[in-house]
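For reference, the structure is listed below as structure tokens.
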Amino acid sequence: MTFPCHWRFTLTWFFPFCLALLVGGCTRPPGAQTELLYSTWGSVEQQKVEKAIAAEFERSNPDIRIRLLPIGQRYSEKIQAMMVGKVAPDLMMVDITQYDEWASRGTLKDVTDIVGKLTEEDEFLPVPRRCFERNGRFYAVPVNVHGFAMYCNLGALREVGIPVPTGGWTWDQLLPSLARLTKKTNPRSPTDYAMLMPPIDALLAAFESHLLDNPENPTRVTADQPETIAAFDFYKSLYKSGYVVPADVASDQGTFQLFRDGRVAFFFSGRWSTPELAGKTKFAWDVLPFPAGPAGSVTMHGGTGLAISGRTRHPREAERFLEFYASPQGAALAMQGFRSVPVYKALSQSEEFLNLTPPASLTRFTDTMKSGASRIQLYAPGYAELNQLSMRCLHRIVYRDVPVTRSVQVLQQDLERWLQKRSAK
Amino acid sequence: MKARRREAWAAIGFLLANFIGFVAFTLWPVLSSLLLSFTSWDLLTPPRWAGLGNFIDLLGFHHSPEGWKANDPDFWKYLGNTVFLLMGLPLNMAGSLGLAVLLNQKLRFTYVYRLVFFLPSVLAGVAIFYLWKWIYNPDYGLLNGLLASIGLAGPQWLGDVNWSKPALMLMSFWLHVGGQSMILYLAALQSISPELYEAAEIDGAGPWPRFWAITWPGLAPVTFFIFVMGIIHGLQGGFEAAYVMTGGGPDGSTTTIGYYIYTKAYSQFQMGYAAAVAWVLFVLVLGITLVNWRFGGRNMTV
């Protein structure tokens with residue numbers, strides 16, 4: 001078989017030349033930077049903090065470049081899609097709601113050794129430790145602790161003559177004030193509505209309701225107790241009162257936007273909402289403890305951790321960034337962005353943190369972690385379904401006017417089936 | 001002979017590109033989803049064989065102290081929502097037909113009217129849904145503003161279980177009445193011979209008898225086509241509106257089967273179960289279409 005001249009040229013010179021180019025192009029030149037993809041969520045303000053931390057890290061680690069991947073909405077869905085496509089970011093922020101699902105499936109690297117190293121200098125507060133420790137192991141290093149407090153429009157309260165109690169309100173004390181802060185019941189109210197609905201988890205906690213006998217290792221469903229009925233009943237009366245923002249308006253306008261624009265007097269959130277409000281409101285505001293129920297001022301806690309993908313091609317470099325970001329030095333940088341509460345004991349009680357404003361009463365976020373005032377949000381694998389079932393119970397009550405006792409009875413049955421399935425697995 | 005063979009190879013070459021695309025992006029995913037529907041798969045760990053488990057969980061019933069209950073009451077509820085939203089189809093078709101008849105008249109600026117009515121169909125869906133979200137805002141939305149101006153208190157359109165579905169149907173009417181159906185009706189109207197109308201007029205038939213005796217039978221094939229396609233799209237639809245406007249709420253009242261598949265797959269990561277729902281939907285669509293063709297489409301050509 002004979003090839004024409006141009007084929008011979010192609011085979012002898014052209015293909016080897018292309019191959020050489022390809023190989024050359026794929027080879028990493030010596031001294032080149034390693035790029036780490038790091039995914040986060042949050043607003044533009046929060047991204048500024050992330051960029052500042054990454055820049056600080058790059059200054060002392062010139063061989064590594066951090067490429068930020070900000071993901072606006074549906075963070076976990078997008079990250080999970082990336083995990084499936086084997087292109088997950090090298091480093092990723094992990095919310096406690098997703099942590100167990102991912103950690104239990106081996107998608108996150110075990111970082112227990114790093115936690116050990118980091119806590120030699122300053123130990124973690126018990127709440128963030130509990131959020132991320134599973135049988136003595138860590139698959140993400142806690143970098144922020146979420147405690148819900150009540151953001152409060154002081155200007156609106158002053159205008160309608162409601163004094164702010166120093167230790168916060170009980171729900172019973174707060175309820176009579178709400179009518180004065182709602183346009184429908186008080187046309188002279190500076191705000192359209194008094195408040196945004198509080199998270200149901202926190203209300204259940206405030207009413208001392210326990211859906212399961214042992215949340216970490218449940219053996220029995222205890223939803224049909226008077227405490228749960230009282231909590232749902234209270235939620236219903238609050239929603240139907242007309243003093244709170246209807247759900248569709250809240251989802252349409254955004255919760256902190258409604259507060260920022262002065263349309264709502266109270267809303268419930270963590271410190272991460274502070275950057276969105278600092279210097280952007282026309283009124284004075286502060287944070288107060290979550291209103292106290294029969295169980296006192298109890299609030300729910302969650303947290304954010306920083307994790308390394310189990311599939312990263314640069315584990316050493318990723319560990320270096322994680323060690324920097326989650327260190328007391330990184331935490332000090334993050335807290336300057338007004339968004340996080342340090343997870344370190346000494347740092348969270350330091351003047352450096354306590355003197356930061358806004359909000360004026362910054363310690364509310366750390367007070368919530370004192371013993372007896374906190375409950376941890378549990379998101380062990382399979383708990384997403386449990387949350388869904390309790391939300392459904394709530395929706396039946398609020399939207400379909402199903403009697404509370406009946407709806408809680410259905411919740412009890414649904415949870416019993418859920419527990420049965422869970423135990424069978 | 002050589003030329004014919006070369007031609008055959010060229011034809012195969014051209015067809016192959018399409019065929020490879022079809023196999024890779026349609027046939028393979030469809031067959032994979034069938035296989036997946038018999039597994040339990042959370043995306044992150046390998047699928048586990050579940051046999052008919054997903055279908056039993058989806059379509060089965062269990063006995064409780066209160067009687068027989070569906071294993072997955074959500075599926076039936078969302079199927080009900082999907083069927084309820086389909087009720088808007090005859091209304092949309094009637095609107096499209098009426099509009100087509102009006103736009104078929106010899107009026108000035110007919111082309112402008114046609115353009116105006118067709119405009120919503122060429123706008124991006126997400127933009128439209130956001131627009132309607134604002135229209136339905138209970139506090140300062142356009143609709144409640146109009147109602148307030150005549151002394152009526154508007155409901156919470158998207159926040160009330162009783163109003164959320166009618167609200168979506170109203171939006172769908174606005175969106176579809178001047179769309180593809182109207183264009184099809186308009187084309188069909190123009191294909192009816194004017195002589196038939198002239199003959200009827202000579203016989204003394206008024207506009208109404210002329211419509212029922214000439215126009216309606218003349219439009220029957222197109223009506224049937226629009227109806228069948230409307231049912232197919234309706235059974236598969238509702239996802240975008242639920243995703244953008246309501247999140248499927250309140251209390252699941254705007255969740256359709258399409259949105260349910262999405263939430264099962266991408267929010268709860270139950271891929272196998274989502275695939276099972278998709279296949280049940282496919283069987284349902286196929287069954288209804290076959291029934292339509294068997295009983296409604298006899299002797300009709302489009």
Side-chain angles (χ1 to χ4, degrees), chain A residues 73-74 76-86 88 98 101-108 183-184 192-193 239 245-253 258 263 310-311 381-382 384-385 387-389 391-402 407 409-410 413-414 416-417 420-421 425, chain B residues 40-48 53 57 62 64-66 69 71-74 77 129-130 132-141 144 153 155-164 167 243-255 262-271 273:
Chain A
Q73 288 181 332
R74 300 187 182 250
S76 59
E77 286 170 27
K78 287 168 188 167
I79 292 291
Q80 189 138 326
M82 292 175 87
M83 285 172 174
V84 176
K86 299 184 174 57
Q98 211 54 51
E101 296 284 352
W102 290 349
S104 67
R105 286 172 173 82
T107 58
L108 307 180
K183 271 254 154 69
K184 274 183 194 157
D192 294 349
Y193 295 96
Y239 191 82
V245 183
D248 54 334
V249 177
S251 80
D252 194 9
Q253 306 293 297
L258 282 163
R263 295 184 57 206
R311 282 184 170 271
E385 205 179 331
N387 289 327
Q388 205 189 357
L389 293 172
M391 284 314 288
R392 196 167 296 167
C393 170
L394 191 68
H395 290 167
R396 276 194 300 267
I397 294 166
V398 172
Y399 297 123
R400 299 202 185 265
D401 286 324
V402 174
S407 190
Q409 222 171 28
V410 176
Q413 290 165 4
D414 286 347
E416 279 167 1
R417 283 193 69 209
Q420 234 171 27
K421 262 205 270 180
K425 273 182 191 170
Chain B
S40 172
W41 187 36
D42 62 10
L43 284 169
L44 297 174
T45 47
R48 278 179 294 114
D57 283 348
H62 66 272
S64 77
E66 291 159 350
K69 278 179 136 186
N71 288 345
D72 183 358
D74 288 345
K77 180 177 164 181
F129 298 136
Y130 270 107
W132 275 87
K133 212 175 159 184
W134 282 84
I135 290 174
Y136 283 138
N137 188 297
D139 287 349
Y140 46 82
N144 278 7
Q156 273 181 256
W157 293 97
L158 300 175
D160 185 323
V161 283
N162 299 313
W163 284 102
S164 53
Y243 187 91
V244 176
M245 295 175 75
T246 61
D251 193 29
S253 63
T254 56
T255 301
Y262 167 79
T263 49
K264 278 283 169 197
Y266 295 103
S267 291
Q268 297 168 20
F269 305 114
Q270 296 177 22
M271 277 291 167
Y273 197 82

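Both the backbone and the side chain of Ser267(B) come within less than 4.5 Å of a heavy atom in chain A. Looking at Asn162(B), there are no atoms closer than 4.5 Å to chain A (heavy atoms on both sides), in backbone or side chain. Contact annotation for Ser253(B): both backbone and side-chain heavy atoms come within less than 4.5 Å of a heavy atom of chain A.
Here the shortest heavy-atom pairing between Pro138(B) and Val249(A) reads CG-CG2, 3.4 Å. What you find for Tyr399(A) and Val161(B) is that their closest heavy atoms are O-CG2, 3.2 Å.
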_CA sep, side-chain torsions, deciding dist, call: Leu44(B), Met83(A), side chain to side chain contact (heavy atoms under 4.5 Å, CB included)_ = CA-CA 7 Å; Leu44(B) 297 174; Met83(A) 285 172 174; 3.7 Å; yes
*Determine, stepwise, if the pair Gln413(A) / Lys69(B) fulfils side chain to side chain contact (heavy atoms under 4.5 Å, CB included).*
CA-CA 12 Å; Gln413(A) 290 165 4; Lys69(B) 278 179 136 186; 3.6 Å; yes
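With hydrogens and angles left out, the side-chain atoms of Asp192(A) and Tyr140(B) include no donor and acceptor closer than 3.5 Å.
Interatomic distance, CG of Asp139(B) versus NZ of Lys184(A), reported as 6.5 Å (0.5 Å rounding). The distance from the CG atom of Asp42(B) to the CD atom of Gln80(A) is 7.0 Å, given to the nearest 0.5 Å.
Comparing Tyr266(B), Trp134(B), Phe269(B) by heavy-atom pairs within less than 4.5 Å of chain A, the highest count is held by Phe269(B). Of the listed residues (Arg392(A), Lys183(A), Arg74(A), Arg396(A)), the greatest number of heavy-atom pairs within a distance under 4.5 Å of chain B belongs to Arg74(A).
Counting non-hydrogen atoms of other residues, nucleotides and ligands closer than 6.0 Å to CH2 of Trp163(B) gives a total of 12 or fewer.
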